[in-house]
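These notes are about the structure you will find just below.
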Amino acid sequence: MFSETAKKELEEIRLKYPNARAALLPALYLAQREFGWLSPEAYEAVSGILGVPKAIARGVGTFYAMYKHKPMGRNIVQLCTNVSCMILGAERLVDFLKNKYGLEPGGTSPDGRFSLVIMECIGACGTAPAMLVNDDFFENLTEKYIEEILEKYK
Amino acid sequence: MIKVTINGKEIELEKAVTVLEAAKSAGIKIPTLCWHQQLEKYGGCRLCLVEVEKMPRLQTACTLMVTDGMVVRTETEAIANVRRSVLEFLLINHPLDCPYCDKAGECELQDLVEKYGARAGRFTEEKRKVPESLEDPVLVRNMERCVVCTRCVRMCEGVQGAAALGVISRGGHSHIEPFSGGKFECEYCGNCVSVCPVGAIMSRLHRHSYRPWQLVSETETICPYCGVGCTLVAQVRDDVIKRVVPRIGTPVNNGLLCSRGRFGYEFVGSKERLTSPLIRKNGVLEESTWEEAISLVAKKLGEIKAKHGSDSIAGIASPRCTNEDNYVFQKFMRVTIGTNNIDSTARTGYAGAQAFIENIFGQGSTANLIPGLANSDVVLVAGGDPTAVNPILGLQIRACARRAGSILTIGHVKGLRHYSPVELRPALFRETLALEGIVSALRNKKGLPGSNQILEAKLKDINTTPQEAAGACGVAEKDFAVFVDRLSGAATPAIVIGKEIVQSSGGNYKLFLLAAINYLVNGRIYLLSERANEQGLLDMGCAPDLLPGYRPLAYAEFRKRYETAWKTAIPERPGLSIFGMIDAAKQGSLKAMYVMGENPVYNLPNSRDVEAALQKVDFLVVQDIFLTETAKLADVVLPALSWSEKSGTFTNMERRIQRVRKAVSREGMEDWRIIAEVARNMASKFHYTGAEEVFAEISKVSPLYRDLAYEEIEKGQSIYPYKGEPLRSTVEEISVDKGAGVVAASRFYLRLERPLFHSGTLSRKAAALVNIYSGALARLSTADAASLGVKDGDVVRVSTKIGSLELPVAVDGAVEQSVVMLTNNFEGKGAFCLAEYAVDPVTGAPVIDCNAVMIEKVER
Ligand code: SF4
Ligand code: SF4
Ligand code: SF4
Ligand code: FES
Ligand code: FES
């Protein structure tokens with residue numbers, strides 16, 4: 001179920017668009033925030049409020065890789081391992097995350113604190129290796145620097 | 001005039017159409033895959049690419065509109081190459097398991113690949129693996145075969161209006177899934193199966209038991225379930241119906257079917273079908289020969305007639321039987337037995353409502369074309385869910401909404417939720433207030449048309465204020481005003497009336513109010529009809545006060561006509577209604593009953609009481625295809641042929657006479673033939689060689705069918721009033737009995753669920769429908785379930801004054817508060833064993849909305 005504030009937010013979002021379907025993407029982001037991921041319940045909640053059939057909402061949601069399609073940790077680490085990052089040691093960083101936090105690519109740390117998503121170039125080749133933690137961007141990564149960064153995310 | 005040249009051929013067109021359509025009109029075939037004539041254009045598959053002069057790239061013929069002077073080529077080397085490549089791409093992920101796939105032989109992909117020769121392709125990478133989904137009982141999804149043409153999605157959303165399917169994921173991983181990812185949990189119309197060009201969504205019925213080319217015979221016939229009368233094609237192998245499909249271009253359903261029509265045919269081949277006549281000997285039903293059974297029936301009926309008089313015998317006709325069956329049956333009752341004691345379950349709503357409305361607006365005024373609903377600008381729905389009772393009619397209402405018509409609903413109309421800009425949901429027993437409010441608001445807005453003084457005199461004093469009406473529905477006054485405004489502004493309004501209203505207290509007054517609305521907005525009325533030949537049986541005179549041709553028995557001139565034709569006197573007194581028969585049986589004045597293709601012991605309210613009544617008659621004959629609850633009580637049971645084993649005609653709710661044709665064979669006799677045999681044994685001259693001869697007699701004696709023959713029906717020339725004349729209407733008086741009005745006094749009331757997936761007790765024997773909806777449930781609103789502390793699957797005891805049932809709960813957001821909805825379809829669990837009724841003094845329909853209910857949780 002959506003919280004009352006989330007319901008209000010959704011209604012406001014809806015008003016910004018000419019029709020309910022157009023509001024689906026931000027509505028799904030909101031649902032993801034509320035439910036942690038795009039669970040069947042999340043789709044049903046969005047569908048119930050927007051009046052967009054749930055099968056259609058799910059179709060739209062699953063098109064986008066950047067939604068969470070399964071339960072994930074509280075913080076999402078998106079680490080690039082494409083060419084530039086790889087050359088500058090991204091693979092070592094992957095190992096580091098595994099050893100230090102028990103974090104496998106595509107997986108979630110046992111304490112539910114982090115999930116790791118491997119990215120294919122996030123447009124920071126000049127300052128590789130690079131990653132996103134939630135919506136924050138970090139570059140020129142080293143093991144030590146990653147550790148420092150992740151300390152801030154509980 | 002637009003001139004285009006396609007493949008060197010000059011084509012002149014009246015209006016702009018797509019290149020595909022233009023080519024088609026000139027007999028040039030362009031290959032397609034995502035295009036489908038029933039669906040919105042999509043332009044996704046790229047198989048229809050053509051060269052157009054002065055256009056840089058190849059164009060999709062299915063979306064490109066022709067312009068004057070356009071020069072198009074559809075078959076060049078370059079195009080063939082591109083088509084081959086497109087197919088090669090499609091085959092990257094296609095399993096090419098044609099030897100195992102049921103679609104092979106009618107697969108569009110297979111045909112295209114055969115023609116353009118892409119074959120196995122050059123890709124050596126591994127194919128996408130998606131396990132076949134057998135999670136659903138009726139539909140199987142094989143997503144390795146899916147070419148993502150989205151036809152199924154467009155069908156489900158854009159035509160069916162169920163929107164149960166979506167394209168999941170993207171790119172090479174795109175595929176189709178229902179929301180759950182497994183079970184469809186949808187309306188199970190199977191229309192997605194019809195449009196899927198490959199074997200990606202298919203029916204599980206008779207899976208792997210036939211190849212398309214082995215379906216050697218196909219028979220166009222009419223659906224046996226509801227009054228819409230959809231045409232369906234029964235495809236047969238080895239004398240077994242393997243599949244039922246719709247056909248594009250048929251008048252009512254045009255390429256669509258509902259779950260019952262498509263998946264409900266399996267009862268025909270049920271092992272429980274009766275095979276031999278049964279005679280009760282020492283209290284048990286034993287098999288007998290036809291001779292013995294028929295002569296026993298004739299002898300017994302003869303004795304009872306001689307001893308107690310003709311009126312001690314009554315007959316119940318069947319809305320599932322053909323016109324021919326019903327005509328012969330009523331003739332048997334009137335001529336051989338000599339009574340007008342003939343009626344049917346049409347009395348439970350349809351017959352009385354029709355008589356009431358047609359008394360006001362004239363005979364035939366409820367005979368309106370179903371597809372016309374889509375073109376109405378306003379459709380008002382009251383008293384039921386058309387998408388469940390008459391699903392294909394329901395689709396026309398949804399289509400109306402898509403064409404920007406307004407749908408206005410009164411009550412809880414689940415299948416049209418979100419369609420109505422304002423849904424009026426009157427509180428329990430407050431429906432009258434809502435309707436009165438609409439009538440007085442419309443009258444004040446539009447004034448009285450002045451053409452029907454009797455009606456106007458009656459509606460002058462209705463002065464319910466918008467405030468009261470809005471209050472009764474729990475909506476704001478301004479929303480109520482929106483509702484009324486839409487209605488009053490309508491140019492081509494239609495009013496769809498379901499049985500719920502007819503069977504509610506004050507039903508005749510509510511019908512009057514709906515008639516008044518219809519009068520004020522100058523609309524047309526549709527009466528939902530639950531059975532395939534409900535209209536036909538009335539037209540055949542299977543009513544205590546009607547002769548064939550819907551001619552009132554009360555008029556001497558009509559009686560005379562039939563007396564001449566049948567060379568016998570017809571009693572003047574009207575016979576007993578079906579409820580009158582039950583009462584007479586209880587009192588002991590009814591001695592014998594002949595029931596044809598009906599199950600009154602289950603299908604009439606207060607069913608246990610009906611059972612007790614029928615046990616009291618001295619001699620009960622039941623003619624049926626199954627040993628129903630009623631047949632179990634019979635003294636003689638006569639097995640009949642089913643709908644697909646005989647020929648004849650059905651008349652649908654539009655009063656379109658349509659041909660029912662024999663699709664499979666079976667030993668036995670049609671209902672009419674059995675009755676004719678009994679009649680002959682009682683010294684009546686009933687000599688017909690076949691159904692066509694019966695129909696010839698009908699068209700000779702009934703003014704409504706004058707000279708109509710099977711030949712014309714086959715050409716589709718059989719819409720009311722056929723060749724004959726309808727009766728001129730004479731509105732003498734409109735009798736209305738408001739009744740006392742009911743005040744809700746109980747925490748819960750019983751309501752009947754009329755499910756999309758079932759119909760009477762016939763659908764019980766259709767395995768697929770049972771798999772979709774397998775047992776009786778007690779449906780409760782979310783709030784009531786919470787207050788009772790029950791959730792889905794918990795068992796509750798539902799009790800009324802006359803009985804109780806233990807049923808699993810289904811929490812349903814679409815159910816209104818303070819009611820429990822029960823079905824009357826499943827063996828031993830019918831709502832009607834809990835429902836007492838009173839007969840509406842005007843329509844004669846049973847009023848069943850006052851049954852107070854107690855609900856307790858059963859702890860396990
Ligand atoms: S069966 Fe009908 S309702 Fe169900 S998914 Fe197919 S088209 Fe949609
Ligand atoms: S399931 Fe069939 S109709 Fe639906 S997208 Fe796939 S191939 Fe097309
Ligand atoms: S709408 Fe009625 S007639 Fe048509 S397929 Fe369904 S049950 Fe049969
Ligand atoms: S390769 Fe890592 S950011 Fe481009
Ligand atoms: S048929 Fe034209 S693009 Fe598919």
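Reminder, nothing fancy here: chain letters follow the sequence lines and each chain counts from 1.
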inquiry  = Can you tell me which portion of Ile168(B) sits under 4.5 Å from chain A's heavy atoms? Options are side chain, backbone, both or neither.
reply    = both
message = I'd like to check the ring-ring contact (aromatic ring centres under 6.0 Å, His included) partners of Phe96(A); sequence neighbours left out, ordered by chain and number.
response = none
Between chain B and chain A, are any donor-acceptor pairs under 3.5 Å, and how far apart is each one to 0.1 Å?
from      : atom 1 : to       : atom 2 : distance (Å)
Glu157(B) : OE2    : Arg21(A) : NH1    : 3.0
Glu157(B) : OE2    : Arg21(A) : NH2    : 2.3
Ser169(B) : N      : Thr62(A) : OG1    : 2.8
Arg170(B) : NE     : Phe63(A) : O      : 3.2
Glu177(B) : OE1    : Arg58(A) : NH1    : 3.0
Glu177(B) : OE1    : Arg58(A) : NH2    : 2.5
Pro178(B) : O      : Arg58(A) : NH1    : 3.4
Phe179(B) : O      : Arg58(A) : NH1    : 3.3

query = Is it the backbone or the side chain of Ala65(A) that comes under 4.5 Å from a heavy atom of chain B, or both, or neither?
reply =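 For Ala65(A), the contact with chain B is made by backbone and side chain together.
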Minimum heavy-atom distance between Ala55(A) and Ala163(B), given as atom pair plus value = CB-O, 3.6 Å
